[in-house]
Amino acid sequence: MSYEAPALEMRVITKSFAGNSVLAGVSLCVAAGEVHALVGENGAGKSTLMKVLAGVHQPDAGEILIEGRPVRFTRPADALAHGVAMIYQELSLAPHLTVAENIFLGREPLRFRALGVVDRREMNERARQLLSDYGFRLDPRARVGRLSAADRQLVEITRATVEARRCVVMDEPTSSLTAHEAEELFRLIRDLKRRGLAVIYISHRLEDLDAIADRITILRDGREVYEGAWGEISHGEIIRHMAGRELKEIFPPRAAFKGEALLRVENLTRAGKFEDITFDVRAGEVVGLAGLAGAGRTELVEAVFGAQPAEGGEVYLNGARLGAPSPGRAVRLGLGLLTEDRKRTGLCLNQALSKNLTLANVRVLVKGWRLRRGRERTAARDYIERLHIRPPDPEKTVGRLSGGNQQKVLLGRWLFADSRVFLLDEPTRGVDVAARAEIYRAVNKLAEGGAAVVMVSSDLPELLGMADRILIMRRGRLVAELDAKRTTQEEVLRHAALEEGEGAEKVMVDSYV
Amino acid sequence: MSDWIKRFLPFASLIALCVVIAALEPKFLSSGNLAGVARQTAVITIIAMGMTVVMVAGGIDLSVGSVMALAGVVGAFAMTNGAPVLEGIAAAVAAGAACGLANGVTIAALRIPPFIVTLGAMGVYRGVALLITDGKAVVGLPQSFGYLAEGNLFGLVPVPLLLVVLVALATHFLLSSTRAGRYCYAIGSNVEAARYAGVRVSRYQIMFYVFLGALAGLAGAIESARLVTGQPTAGEGYELRVIAAVVIGGGSLSGGQGSVVGTIIGSLIMGVLSNGANLLGISSFTQQIVIGAVIVLAVTFDEFQRRRLETAAG
Amino acid sequence: MSDWIKRFLPFASLIALCVVIAALEPKFLSSGNLAGVARQTAVITIIAMGMTVVMVAGGIDLSVGSVMALAGVVGAFAMTNGAPVLEGIAAAVAAGAACGLANGVTIAALRIPPFIVTLGAMGVYRGVALLITDGKAVVGLPQSFGYLAEGNLFGLVPVPLLLVVLVALATHFLLSSTRAGRYCYAIGSNVEAARYAGVRVSRYQIMFYVFLGALAGLAGAIESARLVTGQPTAGEGYELRVIAAVVIGGGSLSGGQGSVVGTIIGSLIMGVLSNGANLLGISSFTQQIVIGAVIVLAVTFDEFQRRRLETAAG
Amino acid sequence: FVAAPACNRKAGGGRRTIAVIPKGVSHFFWQSVHAGAEAAGRESNVEIVWKGPAQETDYAGQTNIVEDAISRRVDGIVLAPTHKDALVPVVERAAREGIPVTIMDSGIGTENYVSYVATDNRQGGANAAERLAQRLGGKGRVAILGVKAGSVSTDQREEGFRETIKAKYPDIEVVAFQYGESDRARSLDRATDILTAHPDLDGFFASNESSTVGAVQAIKQKGLAGKVVLVGFDSSPNLIEDLKAGAIDSLVLQNPYKMGYEAVKAMVAKLDGQTPPRTIDTGVKLLTKENLETPEMQQLLKAP
Ligand SMILES: Nc1ncnc2c1ncn2[C@@H]1O[C@H](COP(=O)(O)OP(=O)(O)OP(=O)(O)O)[C@@H](O)[C@H]1O
Ligand SMILES: Nc1ncnc2c1ncn2[C@@H]1O[C@H](COP(=O)(O)OP(=O)(O)OP(=O)(O)O)[C@@H](O)[C@H]1O
Ligand SMILES: [Mg+2]
Ligand SMILES: [Mg+2]
């Protein structure tokens with residue numbers, strides 16, 4: 001076989017921000033038609049490396065070669081011009097534009113070239129065609145700002161794949177997706193492969209990578225520590241390379257204990273979103289909430305928390321009715337909601353880590369009128385250590401943390417708040433395996449301490465490993481309740497996806513078996 | 001049907017306002033008065049068209065009043081030095097565009113907030129206008145120049161109204177149908193997203209400021225034509241009125257929102273209110289109270305209508 | 001060391017400015033002149049402290065100039081009706097706080113942009129001030145009232161300077177060391193995130209507008225004392241100067257950013273510039289150009305220093 | 001040789017400096033005052049520092065300018081106070097610091113000044129009322145286009161006008177009053193609206209230059225030139241044209257050049273140790289088409 005230059009090569013890239021080294025000489029080589037997995041702990045530098053490739057950041061040293069020829073990307077437009085497109089981890093869409101406008105942003109089909117008139121009909125038509133080809137159920141004319149996180153991720157995927165001619169980088173593209181939609185994505189990736197594109201895929205879900213990856217590069221602390229074919233290395237070894245240590249068990253055992261019903265939801269209804277939802281959660285219990293994207297789980301927990309209105313039904317906390325619900329009231333009564341969308345409803349991105357971490361419970365830091373900043377820092381250090389937040393700097397602006405570390409800060413906020421009832425919506429989105437184990441331990445500790453936990457997750461192994469009971473929602477209704485210890489992923493998925501008069505065969509489950 | 005209501009909706013409070021005023025003072029509806037309102041609001045509306053574009057893209061320009069004065073003076077000088085009227089107008093537009101270019105380039109190059117750059121520019125352009133005229137109005141302009149402000153096309157349509165319509169159509173076309181318009185909303189909505197998508201953000205930002213500057217220049221020519229003098233002190237405080245027109249019309253200080261129709265309505269609400277109050281002979285003290293209160297009410301009214309419609313339709 | 005530089009940095013351009021002016025005109029440094037600068041900037045600085053809080057929380061208030069006038073007039077009326085000076089001042093502060101409360105409640109209840117609400121309020125309060133005084137200044141205030149503006153503590157420290165320092169310390173404490181301060185930055189940075197974290201957003205927003213209103217009231221009392229008259233037309237155009245002070249000091253129109261120290265520097269840069277230009281006898285036309293240009297330069301300078309420091313040290 | 005004046009208060013040993021602080025800088029009126037002041041300065045070999053606030057009602061800004069003049073230690077201050085009471089403290093401070101102050105144009109509520117050089121504004125308003133009443137034959141409907149709330153000298157003109165009408169001409173009705181905000185375009189808008197609301201208007205009084213410009217422009221645009229009798233205040237080349245063309249009936253003229261000249265002269269006299277007169281009235285004249293060509297009026301108009 002004659003030597004052929006790889007589609008894309010990055011050579012000894014180094015990059016530092018404000019004197020902190022993030023990438024210390026990383027090389028990466030991807031062939032055409034190959035899916036290259038890029039893995040590493042949170043903050044290892046994966047996103048930064050890819051942003052260098054996409055022209056967002058300029059490397060301090062090192063070079064990029066496309067088909068053997070060195071190139072310089074000083075802005076994203078340059079990378080796009082070379083056919084390199086990227087799905088960003090922190091979704092980067094224009095909320096005021098429509099789905100179609102976002103998909104074609106920068107490459108609008110034109111009608112009168114000289115005037116630069118956008119051919120709207122053509123654009124919508126092509127967007128509709130693409131979305132249906134990809135199996136994404138989205139209206140091209142819908143405003144992106146009103147879409148759920150999952151749907152926005154689909155838009156982002158569509159945009160990048162259309163734009164890519166040589167290489168597409170996917171930075172955790174499935175973090176908001178359920179298995180069903182992820183499967184559509186994998187099909188799409190296989191198709192891109194066939195068309196000879198290089199795909200770089202970043203994920204913390206090793207099961208996903210099993211389905212598509214050809215090669216793997218592992219980063220640790222801004223260095224590459226392993227490179228090889230995907231099949232040559234076991235999950236355990238990957239985790240060891242990532243974390244630099246062995247991981248004993250992902251789902252630690254929890255002392256069985258069940259007390260009073262702390263949270264009781266009765267007939268909660270909001271037309272078109274969820275209907276007639278009744279369940280309760282007892283002290284010491286972890287209840288999982290499963291469903292496909294759009295099943296209404298997020299709407300339900302937000303309504304319980306009072307962040308969204310409910311049209312009927314009641315929520316009882318500790319037996320007392322939670323009238324006129326609002327987040328302020330809920331928090332004071334001991335309810336906490338870890339939101340699904342950390343950018344929109346979670347973090348104050350331009351504020352310091354410590355301020356974000358303590359926001360839901362500033363009260364305990366105050367003595368007299370004065371806020372004890374020492375206490376705040378101590379608390380922040382405590383959670384930074386417990387959750388392995390990197391870099392361990394309480395004053396760091398949260399928006400500058402890596403995605404997974406941002407998620408940990410958000411979780412830390414609710415661990416720090418003295419809540420008794422926790423509603424955790426996708427608590428481990430984008431979190432690496434090792435840190436996930438920490439989070440599970442933390443959740444177990446909460447339950448053992450007498451808290452009630454509702455865990456919404458699209459990651460079924462996580463639900464099965466953590467929950468006592470699993471409630472399943474389908475199209476806004478509670479359709480089943482399963483004992484987590486005695487059920488399987490297939491059974492959960494069957495309940496979640498079953499259409500009236502349809503068999504379970506239609507459900508895509510192969511990514512988990 | 002519901003689509004029809006949606007199109008009609010932004011007008012609701014403006015129409016309500018007109019009905020109330022007309023009921024109290026029938027002269028409000030006389031064609032002479034309506035033409036007068038068109039003339040009185042033309043300058044603000046034209047600048048507000050450009051401001052809509054800049055604000056949709058997430059920017060702001062406090063220097064428009066000064067640009068208007070400087071451009072008006074430059075155009076007037078051109079005419080007193082013998083240039084024909086059309087060239088004088090062109091000179092004003094060009095001077096405005098040059099100011100806009102300076103603003104845009106400074107904002108894009110220094111990467112400091114447009115608020116600061118244009119705050120500084122406001123002083124600089126005003127100072128230059130005063131300096132080159134020695135603070136005096138430029139007189140001796142050709143009488144035919146007055147046609148730009150006071151003329152009627154076919155003896156019927158006031159020329160400034162025609163200009164407003166043309167500028168509005170152009171701006172609407174720019175914002176809603178062209179690629180630059182898409183980028184404008186994208187930049188104001190999420191500048192990072194626009195950059196990631198390969199949009200040359202700085203280039204477009206500069207273009208938008210130039211567009212606004214040119215329109216401020218045109219407005220300067222009209223304002224000069226109204227009084228047939230170039231005034232270095234014209235347009236003081238206009239920046240607030242222009243920005244108010246955009247915001248009343250649904251624009252936002254944080255970008256990504258705003259429309260030509262909305263801005264026109266915003267400008268007309270303010271113009272009609274002031275005209276109505278004058279016609280009704282409301283004392284100038286009470287007038288300020290009434291206008292202030294009605295602006296808040298009008299926006300609230302529209303906003304509530306919009307919300308109701310949205311929850312109703314989905 | 002690097003920490004020390006960081007603390008010192010925001011002053012850099014202000015100090016550079018003072019050095020240049022002092023070199024050109026040594027009288028600038030005379031204690032009389034510096035006290036004069038303190039007096040001249042006191043009113044703007046005090047309102048700007050409140051505006052910092054409101055803008056950090058993502059709001060804006062265009063009505064401050066009108067609130068100041070109305071409060072000054074109310075305080076003056078109280079005194080002409082026999083209230084002692086301290087009660088007169090208290091009346092002004094209370095009137096200001098009441099205006100702030102009205103603004104805050106309207107903004108929180110109607111959920112329309114603060115820009116619109118306070119634009120309307122600007123007209124309403126100004127109109128009320130003019131109406132209750134019939135447009136005339138309120139005279140006949142006790143001479144001792146002048147002490148608030150013209151007095152010196154221990155014959156040395158101008159009273160307004162003392163007030164500025166007290167207000168600044170209180171605001172700094174509020175923003176950096178209280179629960180409300182934490183919430184203020186959180187609300188301005190991401191209002192939804194703050195709400196989801198259990199912050200009672202409306203309540204705090206209202207509180208911030210009341211705080212600003214009260215300070216505008218205090219400023220109104222000082223302005224009245226300076227002139228020993230209650231002026232219904234006081235403070236016109238102050239909103240822009242106050243907002244400019246906040247933005248020059250690092251605040252942002254989109255919230256989440258800003259600090260007391262920054263705002264003070266912003267206000268002083270503008271005050272020193274204008275005083276320096278007066279001392280140097282720069283003509284009022286040239287002065288506008290110089291001040292405009294130097295504002296942009298000063299902010300650019302500070303910004304570039306900051307960026308250099310960030311990439312160098314971290 | 002020209003002998004240097006016997007003044008050695010200044011370290012530089014140079015000429016005296018007099019700060020002349022007008023209410024505004026952009027009206028023709030103030031430019032004439034400036035010309036008069038400069039002429040007196042040249043005659044007496046003193047340096048004139050001309051510096052005014054941005055707006056005619058910006059008393060806070062004007063206070064700052066006076067304070068800065070004190071800080072600069074000028075030899076004397078000539079001030080046209082934007083407000084009768086507002087400028088009192090700073091004028092008294094100047095007096096305390098040994099800097100004499102001459103007041104011009106508008107009065108001030110303190111005795112601590114050298115001379116008061118001004119037009120009798122109330123009288124000016126009264127003259128305008130007399131003229132308008134005479135032209136209307138003692139009956140009709142008139143409107144006033146004022147300048148700005150809180151502007152003292154123009155308030156006095158408007159009051160003088162109203163008082164005279166009320167006291168002497170019961171058959172004349174003032175049907176509208178609006179402020180032009182000291183802005184020509186705004187004045188034009190307001191005047192247009194007044195003419196729309198009152199199509200049967202007989203007379204118009206505008207109380208300064210910007211108001212007069214707005215009023216005459218509105219009248220011309222409505223085709224009412226000569227039908228609505230307009231009495232204005234102050235002059236500018238364009239207004240003279242309109243007077244000649246008959247769109248303006250008459251203009252109340254002050255003598256701004258003389259005002260600037262006399263104020264500086266009085267200050268120089270004071271600095272030379274003399275005692276200038278306590279008040280100097282610079283007088284008002286009514287300019288009409290008939291007396292336009294008289295030498296007296298031409299003198300007034302040519303001045304700057
Ligand atoms: N703009 C920036 N300024 C300062 N530091 C940054 C910036 N961007 C990234 N970093 C730092 O670089 C490091 C690597 O971040 P990066 O986002 O590349 O991690 P990652 O491997 O993608 O992690 P995750 O799995 O959590 O997404 C982090 O410590 C982060 O704080
Ligand atoms: N594929 C879809 N088909 C129809 N409607 C959808 C679809 N996906 C989302 N939606 C709409 O979007 C709303 C919100 O979806 P969202 O994804 O937030 O719900 P969810 O159950 O919390 O899902 P997840 O948490 O898995 O993302 C749904 O109530 C539904 O109306
Ligand atoms: Mg990442
Ligand atoms: Mg969800």
Side-chain angles (χ1 to χ4, degrees), chain A residues 16-21 302 305-308 326-352 354-366 368-373 376 391 393 396-399 410 413-414 417 419 425, chain C residues 2-3 5-7 55-58 108 111 169-207 211 250-259 306-314:
Chain A
S16 57
F17 290 108
N20 300 330
S21 170
E302 293 207 335
F305 185 63
Q308 302 279 348
S326 75
R329 217 173 123 71
V331 169
R332 255 178 313 282
L333 292 173
L335 200 62
L337 168 68
L338 178 90
T339 63
E340 173 185 43
D341 190 340
R342 59 178 173 251
K343 212 170 174 183
R344 259 205 303 201
T345 53
L347 296 170
C348 299
L349 286 174
N350 65 4
Q351 303 295 315
S354 59
K355 291 185 185 175
N356 270 286
L357 213 144
T358 55
L359 186 61
N361 203 8
V362 181
R363 204 161 25 101
V364 302
L365 303 173
V366 177
W369 275 85
R370 202 186 155 90
L371 192 136
R372 302 285 146 169
R373 288 217 248 170
E376 184 179 60
D393 174 7
K396 182 106 179 166
T397 305
V398 144
L410 200 54
R413 172 188 295 171
W414 293 108
S419 307
D425 197 353
Chain C
S2 131
D3 236 42
I5 292 186
K6 258 189 203 157
R7 266 168 202 279
M55 287 179 67
V56 164
R111 288 186 296 136
L169 286 176
T171 312
H172 182 72
F173 178 76
L174 172 79
L175 276 181
S176 65
S177 304
T178 69
R179 189 136 73 115
R182 276 292 177 282
Y183 293 164
C184 186
Y185 282 97
I187 291 170
S189 173
N190 185 345
V191 64
E192 281 302 294
R195 198 167 74 88
Y196 275 76
V199 176
R200 283 182 277 191
V201 173
S202 303
R203 177 183 303 192
Y204 281 94
Q205 278 174 332
I206 294 173
M207 204 188 99
F211 180 72
S252 151
L253 290 180
S254 47
Q257 279 167 295
S259 70
R306 205 180 54 67
R307 282 189 207 145
R308 220 191 45 188
L309 217 82
E310 265 188 5
T311 40

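Excluded from the calculations below are hydrogen atoms, water molecules and symmetry mates; all remaining heavy atoms, backbone and side chain alike, are included. Remember, predicted model here, so these are calculated numbers, not experimental data. Every chain is numbered from 1 and lettered A, B, ... according to where its sequence line falls, protein lines coming before strand lines.
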Side-chain (C/Asn190) to main-chain (A/Thr345) donor-acceptor, under 3.5 angstrom: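 Pair absent, no side-chain N/O of C/Asn190 close to backbone of A/Thr345.
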
Calculate, to the nearest 0.5 Å, the distance between atoms CZ and CZ belonging to A/Arg373 and C/Arg182 respectively.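 It is 6.5 Å, given to the nearest 0.5 Å.
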
Gap between atom CG of A/Asn356 and atom OG of C/Ser189 - 0.5 Å precision: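 So the OG of C/Ser189 and the CG of A/Asn356 are separated by 7.0 Å.
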
Check each atom of [X] against the heavy atoms of chain C and say whether the ones under 4.5 Å are side chain, backbone, both or neither.
| X | value |
| --- | --- |
| A/Val366 | side chain |
| A/Ala330 | neither |
| A/Arg370 | both |
| A/Thr339 | side chain |

What residue in C/Gly198, C/Ala194, C/Ala193 has the most heavy-atom pairs under 4.5 Å with chain A? C/Ala193

Heavy-atom pair count under 4.5 Å with chain A, highest-scoring of C/Glu192, C/Arg203, C/Arg195: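 Between C/Glu192, C/Arg203, C/Arg195, the count favours C/Arg195.
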
Identify the two heavy atoms, one from [X] and one from [Y], that lie closest to each other, and give their separation to 0.1 Å.
| X | Y | value |
| --- | --- | --- |
| A/Trp414 | C/Tyr196 | CZ2-O, 3.5 Å |
| C/Ala197 | A/Leu359 | CB-CD2, 3.7 Å |
| C/Arg200 | A/Gly328 | CG-CA, 4.2 Å |

Within a 6.0 Å radius of atom CZ on A/Arg332, are there more than 12 heavy atoms belonging to other residues, nucleotides or ligands? yes

Heavy atoms only, distances under 4.5 angstrom: which of [options] has the most pairs with chain C? Name it, please.
| options | result |
| --- | --- |
| A/Ala360, A/Cys348, A/Ser16, A/Ala417 | A/Cys348 |
| A/Gly306, A/Gly346, A/Ser326 | A/Gly346 |
| A/Leu347, A/Leu371, A/Val331, A/Leu410 | A/Leu371 |

Atom group of C/Arg179 that falls short of 4.5 Å from chain A, counting heavy atoms: both

